[in-house]
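Please read these numbers as outputs of a predicted model, since none were measured by experiment. Note on naming: letters A, B, ... go to the chains in the order of the sequence lines (proteins, then strands), and numbering restarts at 1 for each one.
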There are 2 protein chains.
Amino acid sequence: MRRTKQREVILDELVKLRTHPSADELYGRVKKRLPRISLGTVYRNLEILSREGIIRRLETAGSQRRFDGDTGDHQHIRCVSCGCIDDLAAGADRARCDALVAKGTGYRVLGRRVEYLGICPSCRKKSGGS
Amino acid sequence: MRRTKQREVILDELVKLRTHPSADELYGRVKKRLPRISLGTVYRNLEILSREGIIRRLETAGSQRRFDGDTGDHQHIRCVSCGCIDDLAAGADRARCDALVAKGTGYRVLGRRVEYLGICPSCRKKSGGS
DNA sequence: TCAATAATAGTAACTATTCCTGAAAATGTA
DNA sequence: TACATTTTCAGGAATAGTTACTATTATTGA
Ligand SMILES: [Mn+2]
Ligand SMILES: [Mn+2]
Ligand SMILES: [Zn+2]
Ligand SMILES: [Zn+2]
């Protein structure tokens, strides 16, 4: 992976933002510093950077993909009204946690979404893995 | 909301599937029974049915939207290899839960994704709500 | 310095979804 | 029944987000 001006600026802008921007939002920021950059370059570099583990691609619902310059272990809270996403310290412990999260973020907590990730029985069989 | 043949068949196929299909997959099924139906109609009816609370629109990551005929409170587990989504009984309790989930589903559990949902401070201010 | 290689800008293509339009079906009224 | 009103329909165009392609430019290493 080469060091290019574009990649540097994209990473720099993402890391200094704490707002989990979409490619498009980031493109807007980066363009102020590199007016000739294209949206495709932003997408390509976000893809490369997340593949390398330098940034994190958020696996959240919604039509637009979002990215996070913080690769540390943490969860997120999303506003059901405006769609913004804020950080949550790692570790959370069910119902009474809602109060802690609310206190920590200022959000009114309405619910939480939990999705487990793994390898399904049929895929385990196919790849012969344990 | 009127009762139409199309809506009836879409709902029937969704409820009897336990696979959380995308609109497209469901369209394939429904077309066998109603060969003249269009994908647009499937989308429109899934939208109407979920607005009425008769079905559930899954808020999962991934490029395609998925739907669930089961509106009861439950979480999901997704295979990171093939992308399939299975049900999880409601209620889960952190780390040692992974073992329970693995036992219950046959998955190899790799992780979990927790996202809280709520109203952010700035939206609370705007709408004057508590 | 200079060829080899990787990345870029610009744009076309692609995919999932929504929107639009005129026709058909369902429903209400008499 | 007959007709008007409303809802939903199929089909296709439009849109949004993303990826792929291509000719050009920048970076790298000998
Ligand atoms: Mn974050
Ligand atoms: Mn389910
Ligand atoms: Zn908000
Ligand atoms: Zn699988």
Side-chain angles (χ1 to χ4, degrees), chain A residues 1-14 17 19-68 78 82-85, chain B residues 1-14 17 19-68 78 82-85:
Chain A
M1 191 177 58
R2 278 187 184 159
R3 242 165 85 316
T4 69
K5 188 70 193 159
Q6 288 86 344
R7 187 162 300 162
E8 225 166 64
V9 173
I10 289 167
L11 179 57
D12 180 62
E13 287 292 331
L14 176 59
L17 273 177
T19 57
H20 313 87
S22 65
D24 197 61
E25 285 165 32
L26 206 47
Y27 172 59
R29 300 260 175 175
V30 171
K31 205 153 66 167
K32 287 179 187 158
R33 289 168 61 181
L34 303 171
R36 297 190 49 72
I37 201 170
S38 75
L39 179 58
T41 299
V42 175
Y43 271 109
R44 190 168 356 90
N45 279 290
L46 289 171
E47 174 59 30
I48 291 166
L49 289 167
S50 62
R51 209 169 46 219
E52 300 281 328
I54 296 162
I55 66 170
R56 176 174 165 193
R57 180 156 82 184
L58 295 190
E59 301 274 323
T60 53
S63 57
Q64 264 181 291
R65 193 166 291 178
R66 285 166 173 276
F67 299 85
D68 194 339
R78 170 207 298 267
C82 70
C84 74
I85 294 181
Chain B
M1 190 179 58
R2 281 188 182 157
R3 242 164 86 314
T4 70
K5 187 71 190 160
Q6 287 87 347
R7 189 163 299 162
E8 226 166 64
V9 173
I10 290 167
L11 180 57
D12 180 62
E13 287 293 330
L14 176 58
L17 275 176
T19 58
H20 313 86
S22 66
D24 198 60
E25 284 164 31
L26 206 47
Y27 172 58
R29 300 260 176 177
V30 169
K31 204 153 67 168
K32 288 179 188 158
R33 289 168 62 181
L34 302 173
R36 298 189 50 71
I37 201 170
S38 76
L39 179 58
T41 299
V42 174
Y43 270 108
R44 186 168 0 90
N45 279 289
L46 288 171
E47 174 58 31
I48 291 167
L49 288 166
S50 63
R51 209 170 47 219
E52 300 283 327
I54 296 163
I55 66 170
R56 177 173 163 193
R57 182 156 80 184
L58 294 190
E59 300 275 323
T60 53
S63 57
Q64 267 181 289
R65 191 165 292 178
R66 285 167 174 275
F67 298 86
D68 195 340
R78 171 206 299 266
C82 69
C84 73
I85 295 182

Novice: Want to settle it: does B:K5 or A:N45 sit nearer the 5' end of DNA chain C, counting the closest nucleotide to each?
Specialist: A:N45

Novice: Between atom CD of B:E25 and atom CG of B:L14, what is the distance when rounded to the nearest 0.5 Å?
Specialist: 11.0 Å

Novice: Are any non-hydrogen side-chain atoms of B:L46 and B:R65 less than 4.5 angstrom apart?
Specialist: no

Novice: Please state whether the phosphate of C:dA25, meaning OP1 or OP2, lies under 4.0 angstrom from any side-chain nitrogen or oxygen of B:R3.
Specialist: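 Indeed not, no polar side-chain atom of B:R3 lies that close.
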
Novice: Do the side chain of A:R2 and the base of D:dT27 come within less than 3.5 angstrom through a donor-acceptor pair of N or O atoms?
Specialist: yes

Novice: Any base atoms under 4.0 Å from B:R65, or only sugar-phosphate, or nothing? Heavy atoms, all strands.
Specialist: sugar-phosphate

Novice: Using whole Å, report how far CE of B:M1 lies from P of C:dT27.
Specialist: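 For the pair B:M1 CE and C:dT27 P, the rounded distance is 12 Å.
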
Novice: Check the distance between D:dT15's C1' and B:Y43's OH and give it to me in whole angstrom.
Specialist: 13 Å

Novice: B:F67 has an atom CZ; how far is it from atom P of C:dA16, in whole Å?
Specialist: 13 Å

Novice: If you assign A:E47 and B:Q6 each to the DNA chain D nucleotide with the nearest heavy atom, which residue ends up on the more 5' nucleotide?
Specialist: B:Q6

Novice: Between B:R57 and A:T41, which has a closest nucleotide on DNA chain C that is more 5'?
Specialist: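 Checking each residue's closest nucleotide, the 5'-ward one belongs to A:T41.
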
Novice: Roughly, in whole Å, what's the span from CD1 in A:I48 to P in D:dA20?
Specialist: 12 Å

Novice: Counting the atoms with a prime plus P, OP1 and OP2 as sugar-phosphate, which does B:D24 contact under 4.0 Å by heavy atoms, base, sugar-phosphate, or nothing?
Specialist: nothing

Novice: Picking from A:R33, A:R29, A:K32, what satisfies side chain to side chain donor-acceptor pair (under 3.5 Å) with A:E13?
Specialist: A:R33

Novice: Name the nucleic acid region contacted by A:S63, choosing base, sugar-phosphate or nothing; use a 4.0 angstrom heavy-atom cut-off, strictly under.
Specialist: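 Sugar-phosphate contact only - A:S63 comes under 4.0 Å of backbone atoms but never of a base.
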
Novice: Could you tell me how far apart A:Y27 (OH) and C:dT8 (C1') are, to the nearest whole angstrom?
Specialist: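 It works out to 13 Å between those atoms.
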
Novice: To the nearest Å, give me how far apart CZ (A:R44) and C1' (C:dA9) are.
Specialist: 9 Å

Novice: Could you check whether A:L39 gets within reach of a base, just the sugar-phosphate, or nothing at all, counting any heavy atom under 4.0 Å?
Specialist: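 Base contact.
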
Novice: Are the side chain of B:D12 and the backbone of B:E8 linked by a donor-acceptor contact shorter than 3.5 Å?
Specialist: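 A pair under 3.5 Å: no.
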
Novice: Are B:T4 and D:dC9 close enough that a side-chain N or O sits under 4.0 Å from OP1 or OP2?
Specialist: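 For B:T4, the contact criterion (side-chain N or O under 4.0 Å from OP1 or OP2 of D:dC9) is met.
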
Novice: Quick one: label A:R7 by what it contacts on the DNA or RNA (base, sugar-phosphate, nothing), any heavy atom closer than 4.0 Å.
Specialist: sugar-phosphate

Novice: Rounded to the nearest 0.5 Å, what's the gap from CZ on B:R51 to CZ on B:R57? Could you check?
Specialist: 9.5 Å

Novice: Starting at CD of A:E25 and ending at C1' of D:dG17, how long is that distance when rounded to a whole Å?
Specialist: 13 Å

Novice: Can you tell me how far C1' of D:dC9 sits from CD1 of B:I10, to the nearest Å?
Specialist: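 Rounded to the whole Å, the gap is 11 Å.
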
